[in-house]
A.B. asks: 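Could you have a look at this structure, given as structure tokens, before my questions?
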Amino acid sequence: MENVEKGLVRQCWRHLFSLMVLNLLTLAGCLPILTIPAALTALSRSCQDLLLEKPRPIRGFCRTFRTHLLPALPLGLLFPLTPAAALYGCLFYVQNAGMRPWLLIPGLFCLLVGCLAVFASGLAYPMLARTDLSARMVLRNSFLLLFRGCAFAALLLSTLLGAGMVLLFPHSLPALVLLGASLPAFTAAYGTLPMLDALVVKKAIE
């Protein structure tokens, strides 16, 4: 795992071109909508391969995408549908809280649920890509590890990177097209890969 210890910024710079290509492949893979979970799983696997200096990450993306079309589909029921629904609920309650301030409470709850779902997805897709666990076990273990605080800093940074590019739209359009998915995924992979490899070897989570 020595390659994971070289520093996130250095790793991003070394693999910048590959991350751009992977981002374009991910965008293309997400176009049918139902294939979004498979595309994100394939992106996570390719980011892991980049960190481990494995050859041909693009070929690995295509292979993982094909093999996870169905296994990854249940993750789409929670990610990204749950964060999107939670964000919509948060905006709805905040916009209607002018005369009814108590609506801020369910708004904050929706925001919390959305953040937890985003953080959990940063664990779920890399875990599905790295292990042979079922989608049900991946979901269970992702929330379990999240509540334990595993890789929280990397997941938070990954979320902030993605949210920052979205909030700066349309000025950030080139960044979204070239790195909007791959850079947050690479950041999440950087923080979760050592933990996931330990779990794969030790079979710590059953």
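Residue numbers run from 1 in the order of the sequence given.
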A.B. asks: Would you name the heavy atoms of M165 and G180 that are closest together and state the gap between them?
C.D. replies: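 Minimum heavy-atom separation between M165 and G180: CE-CA, 3.7 Å.
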
A.B. asks: Working to the nearest 0.5 angstrom, can you tell me the gap between D197 CG and L51 CG?
C.D. replies: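 If I round to the nearest 0.5 Å, the distance is 10.5 Å.
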
A.B. asks: Check residues 106-127 and write down every donor-acceptor pair under 3.5 Å in which the side-chain atom is one partner and the other belongs to a residue at least two apart or another chain.
C.D. replies:
unit_1, atom_1, unit_2, atom_2, d
S121, OG, V118, O, 2.6
Y125, OH, F79, O, 2.8

A.B. asks: Could you grab the distance from atom NE2 of H15 to atom CZ of F186, nearest 0.5 Å is fine?
C.D. replies: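 One gets 5.0 Å once the value is rounded to the nearest 0.5 Å.
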
A.B. asks: How would you list, by chain and number, every residue that makes a side chain to side chain contact (heavy atoms under 4.5 Å, CB included) with V166, sequence neighbours excluded?
C.D. replies: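 For V166 the side chain to side chain contact (heavy atoms under 4.5 Å, CB included) partners, ignoring immediate neighbours, are L176.
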
A.B. asks: Side chains of residues 28-44: which donor-acceptor partners sit under 3.5 Å, not counting sequence neighbours?
C.D. replies:
unit_1, atom_1, unit_2, atom_2, d
T35, OG1, G29, O, 2.3
T41, OG1, P37, O, 2.8
S44, OG, L40, O, 3.0

A.B. asks: Are L178 and L167 linked, directly or through other ILVMFWY residues, by side chains that come within less than 4.5 angstrom of each other?
C.D. replies: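 They do not share one cluster, since no chain of ILVMFWY contacts under 4.5 Å joins L178 to L167.
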
A.B. asks: Show the nearest heavy-atom pair for residues A188 and L155, with the distance to one decimal.
C.D. replies: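 That would be CB-CD2, 4.3 Å.
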
A.B. asks: Could you report the tightest heavy-atom contact between S158 and P184, atom names first, then the distance?
C.D. replies: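 Between these two residues, the closest heavy atoms are OG-O, 2.7 Å.
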
A.B. asks: Quick one: which residue pairs count as a ring pair (Phe, Tyr, Trp, His ring centres under 6.0 Å) with a foot in residues 17-45, not counting sequence neighbours?
C.D. replies: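 Those involving residues 17-45 do not exist here.
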
A.B. asks: Considering residues at least two apart in sequence or located in another chain, which fulfil the side chain to side chain contact (heavy atoms under 4.5 Å, CB included) criterion with L173?
C.D. replies: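 Only F169, V177 meet the side chain to side chain contact (heavy atoms under 4.5 Å, CB included) criterion with L173.
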
A.B. asks: Should Y190 and V9 be counted in the same cluster of Ile, Leu, Val, Met, Phe, Trp and Tyr side chains packed under 4.5 Å apart?
C.D. replies: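 Different hydrophobic clusters.
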
A.B. asks: Please report the interatomic distance CG(L183) to CG(N23), rounded to the nearest 0.5 Å.
C.D. replies: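 The distance works out to 9.0 Å.
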
A.B. asks: Taking only residues two or more places apart in sequence, or in another chain, which ones meet L81 in a side chain to side chain contact (heavy atoms under 4.5 Å, CB included)?
C.D. replies: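 For L81 there are no side chain to side chain contact (heavy atoms under 4.5 Å, CB included) partners, ignoring immediate neighbours.
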
A.B. asks: How far apart are the closest heavy atoms of T26 and A181, and which atoms are they?
C.D. replies: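 Nearest pair, atom of T26 first, then A181: CG2-CB, 4.3 Å.
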
A.B. asks: Of all heavy-atom pairs between C12 and L19, which one has the smallest distance, and what is that distance?
C.D. replies: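 Distance-wise, the nearest heavy atoms are O-CD1, 4.2 Å.
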
A.B. asks: Is it true that L160 and L168 fall in one hydrophobic cluster, defined by side-chain heavy atoms closer than 4.5 Å?
C.D. replies: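 Result: no, two separate clusters.
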
A.B. asks: If you apply the rule side chain to side chain contact (heavy atoms under 4.5 Å, CB included), what do you find for L22 with L50, and how did you get there?
C.D. replies: CA-CA 11 Å; L22 288 171; L50 288 175; 3.8 Å; yes

A.B. asks: How long is the gap from CG on L139 to CG on L78, to the nearest 0.5 Å?
C.D. replies: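 It comes to 5.5 Å.
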
A.B. asks: With sequence neighbours left out, which residue pairs that include part of residues 35-45 fulfil the salt bridge (Lys or Arg N to Asp or Glu O under 4.0 Å) condition?
C.D. replies: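 Qualifying pairs: R45-D49.
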
A.B. asks: Between M137 and L133, what is the shortest heavy-atom contact and its length?
C.D. replies: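 For M137 versus L133, the nearest heavy atoms are CB-CB, 4.2 Å.
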
A.B. asks: Taking C-beta and beyond as the side chain, do T131 and N141 meet within less than 4.5 Å on heavy atoms?
C.D. replies: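 Not touching, per the 4.5 Å side-chain cut-off.
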
A.B. asks: Linking Ile, Leu, Val, Met, Phe, Trp and Tyr through side-chain heavy atoms less than 4.5 Å apart, which residues share a cluster with W102?
C.D. replies: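 Via sub-4.5 Å side-chain contacts, W102 links to F92, Y93, L103.
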
A.B. asks: Working note: T192 + R130, criterion side chain to side chain contact (heavy atoms under 4.5 Å, CB included); need CA distance, chi angles, decisive distance, verdict.
C.D. replies: CA-CA 10 Å; T192 59; R130 195 81 183 148; over 6 Å; no

A.B. asks: Can you measure from CZ (R56) to OG (S46) and round to the nearest 0.5 angstrom?
C.D. replies: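 Result: 14.0 Å between the selected atoms.
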
A.B. asks: How long is the span from the CG atom in L25 to the CE atom in M20, to the nearest 0.5 Å?
C.D. replies: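 If we round to the nearest 0.5 Å, L25:CG and M20:CE are 14.0 Å apart.
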
A.B. asks: Counting only pairs under 3.5 Å, give me each side-chain donor-acceptor contact of residues 57-71, with atom names and distances, residues two or more places apart or in other chains.
C.D. replies:
unit_1, atom_1, unit_2, atom_2, d
T64, OG1, G60, O, 2.9
T67, OG1, R63, O, 3.1
T67, OG1, T64, O, 3.2
H68, ND1, T64, O, 3.1

A.B. asks: Answer with yes or no whether the hydrophobic clustering places L179 together with L27; edges join I, L, V, M, F, W, Y residues whose side-chain heavy atoms lie under 4.5 Å apart.
C.D. replies: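 The answer is no; the residues belong to distinct hydrophobic clusters.
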
